[in-house]
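Below is one structure; the comments refer to it alone.
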Amino acid sequence: MPTQRLGSRQKNVSTNMGKDSRYWIGFDLGGTKMLAAVYTDDWTCLGQAKQKTKGAEGAKPGLKRMVQVAEQVLSEAGVSADEIAGIGIGCPGPIDPKKGVLIEAANLGWENVPIAETFAKAFSCPAFLANDVDAGAYAEYTFGAGKGKDSIVAIFPGTGVGAGAVFDGELFQQSRISCLELGHIPIRASSSGKRKDSLSLEEVSSRLHIASQSAKAAYRGLAPNLLKRCGTDLSNITSSRIAEAIEAGDAEIERIVKTAASYIGCGVAAIVNIMAPERIILGGGLVEAMPKLYVKTVRKSAEEHVI
């Protein structure tokens, strides 16, 4: 079965599939877990299933596990495979949107993985592959904060810093690769001429950076509330814990978050200067955990740097 790009030209794909009942599988491939859900045409969720990704085991076992999770959610939803009209898969890292191939997922160690083809063959229906942030941006454009706008850019600060754009109903992608890898914009050049020695936006603004700086602050006695709540283990320093520490009075943690958010504001200014979208949307755990502090800081920084 063919794979197809996500965008306005595919909005009517489902109407000619020849199926009496139409159900859809949405699949999210993450660094630690994979999640599948079954939906009706009116977006009623009929069931969910998830498993650990276990990316270190390799791409082939990972693909097999992905199909198993999709089969599991169909069973739980009481839907047969021949009732599926299409499958959408969001995954981390750059993709080839025409071929439906995951080019590279650094956090999984996977390269050139034919995800869309695997799903299309397993379930005999069209499969759509998108970068996970692109999928989030398209969802915001269709159903969320970008609804009714002609152009939006969505930015999701998390373990990395991803961005996706939709213009006139089309995801902003190149024909052979997804793009807008905002977190990899260099903000300091390498003195050695090697990429590994440069400094990127996500290295100074991601949740991982915030957590590591917060752990140092806690260890040095500068963040007693954070230390009491989760110690110095990075895996325990979540967005919600960071927000709680700030609320409890850890001024150093607030400074760390504001500094990181200010860098995101610089990224927003760059996007606005280059693309001039109608709306910038911020999402992800950091934004949800402390929306007023985070968004206010990003907005202030963006306004200071935009032309």
Side-chain angles (χ1 to χ4, degrees), residues 1-7 10 13 24-39 48-74 81 84-139 154 156 158-165 171-184 195-196 200 202 206 208 284:
M1 297 294 290
T3 58
Q4 306 216 19
R5 291 184 68 185
L6 181 65
Q10 282 74 49
V13 165
W24 308 84
I25 294 177
F27 199 102
D28 178 39
L29 174 64
T32 57
K33 70 176 185 297
M34 52 180 70
L35 173 69
V38 174
Y39 294 91
Q48 294 185 353
K50 66 180 178 180
Q51 287 189 25
K52 291 183 178 179
T53 302
K54 299 181 180 179
E57 293 183 0
K60 287 186 177 180
L63 280 173
K64 183 177 180 180
R65 191 175 296 108
M66 291 172 73
V67 171
Q68 289 173 345
V69 173
E71 291 172 340
Q72 179 185 343
V73 78
L74 287 177
I84 296 298
I87 302 172
I89 309 108
C91 56
I95 66 156
D96 183 324
K98 282 189 174 181
K99 295 181 179 179
V101 170
L102 172 61
I103 296 173
E104 180 183 11
N107 58 343
L108 298 177
W110 297 4
E111 293 183 359
N112 299 315
V113 186
I115 292 178
E117 180 183 1
T118 299
F119 272 90
K121 288 181 177 179
F123 297 97
S124 298
C125 67
F128 304 77
L129 186 65
N131 170 270
D132 52 3
V133 179
D134 281 346
Y138 195 79
F156 294 82
T159 304
V161 179
L171 269 174
F172 184 80
Q173 297 176 318
Q174 299 305 315
S175 60
R176 291 184 293 177
I177 191 169
S178 54
C179 50
L180 276 186
E181 294 287 349
L182 183 64
H184 293 289
R195 179 170 175 259
K196 66 182 181 67
S200 69
E202 71 177 32
S206 68
L208 182 60

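When reading the values below, keep in mind they use all heavy atoms of this one structure, side chains included, and skip hydrogens, waters and symmetry mates.
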side-chain contact (heavy atoms from CB on, under 4.5 Å) assessment of F156 paired with D132: CA-CA 10 Å; F156 294 82; D132 52 3; over 6 Å; no

Residue pair F172, L180: steps toward the side-chain contact (heavy atoms from CB on, under 4.5 Å) verdict: CA-CA 8 Å; F172 184 80; L180 276 186; 4.3 Å; yes

What are the two closest heavy atoms between [X] and [Y], and how far apart are they?
X    : Y    : answer
P94  : L102 : O-CD1, 3.7 Å
A85  : P126 : O-CD, 3.5 Å
A36  : V69  : CB-CG1, 3.7 Å
G86  : C125 : CA-SG, 4.1 Å
A122 : V67  : CB-CG1, 4.1 Å
G162 : V133 : C-CG1, 3.6 Å

Report yes if the side chains of [X] and [Y] come closer than 4.5 Å at any heavy-atom pair, otherwise no.
X    : Y    : answer
W24  : I84  : no
N112 : D96  : no
L29  : M66  : yes
W110 : I103 : no
L129 : F119 : no
S175 : K98  : yes
Q72  : K50  : no
Q174 : I177 : yes

Examine distances only and state if a side-chain atom of [X] and a backbone atom of [Y] form a donor-acceptor pair shorter than 3.5 Å.
X    : Y    : answer
N131 : G93  : yes
R65  : T53  : yes
S178 : I95  : yes
E202 : V161 : yes

Please report the interatomic distance [atom1]([X]) to [atom2]([Y]), rounded to the nearest 0.5 Å.
X    : Y    : atom1 : atom2 : result
I87  : T118 : CD1   : OG1   : 10.5 Å
D134 : C179 : CG    : SG    : 7.0 Å
T32  : K52  : OG1   : NZ    : 9.0 Å
I25  : E71  : CD1   : CD    : 9.0 Å

Before giving the answer on side-chain contact (heavy atoms from CB on, under 4.5 Å), spell out for M34 and F27 the whole-Å C-alpha distance, their side-chain angles and the decisive distance to 0.1 Å. CA-CA 7 Å; M34 52 180 70; F27 199 102; 3.8 Å; yes

Is there a side-chain contact (heavy atoms from CB on, under 4.5 Å) between L63 and V113 once you walk through the steps? CA-CA 8 Å; L63 280 173; V113 186; 3.7 Å; yes

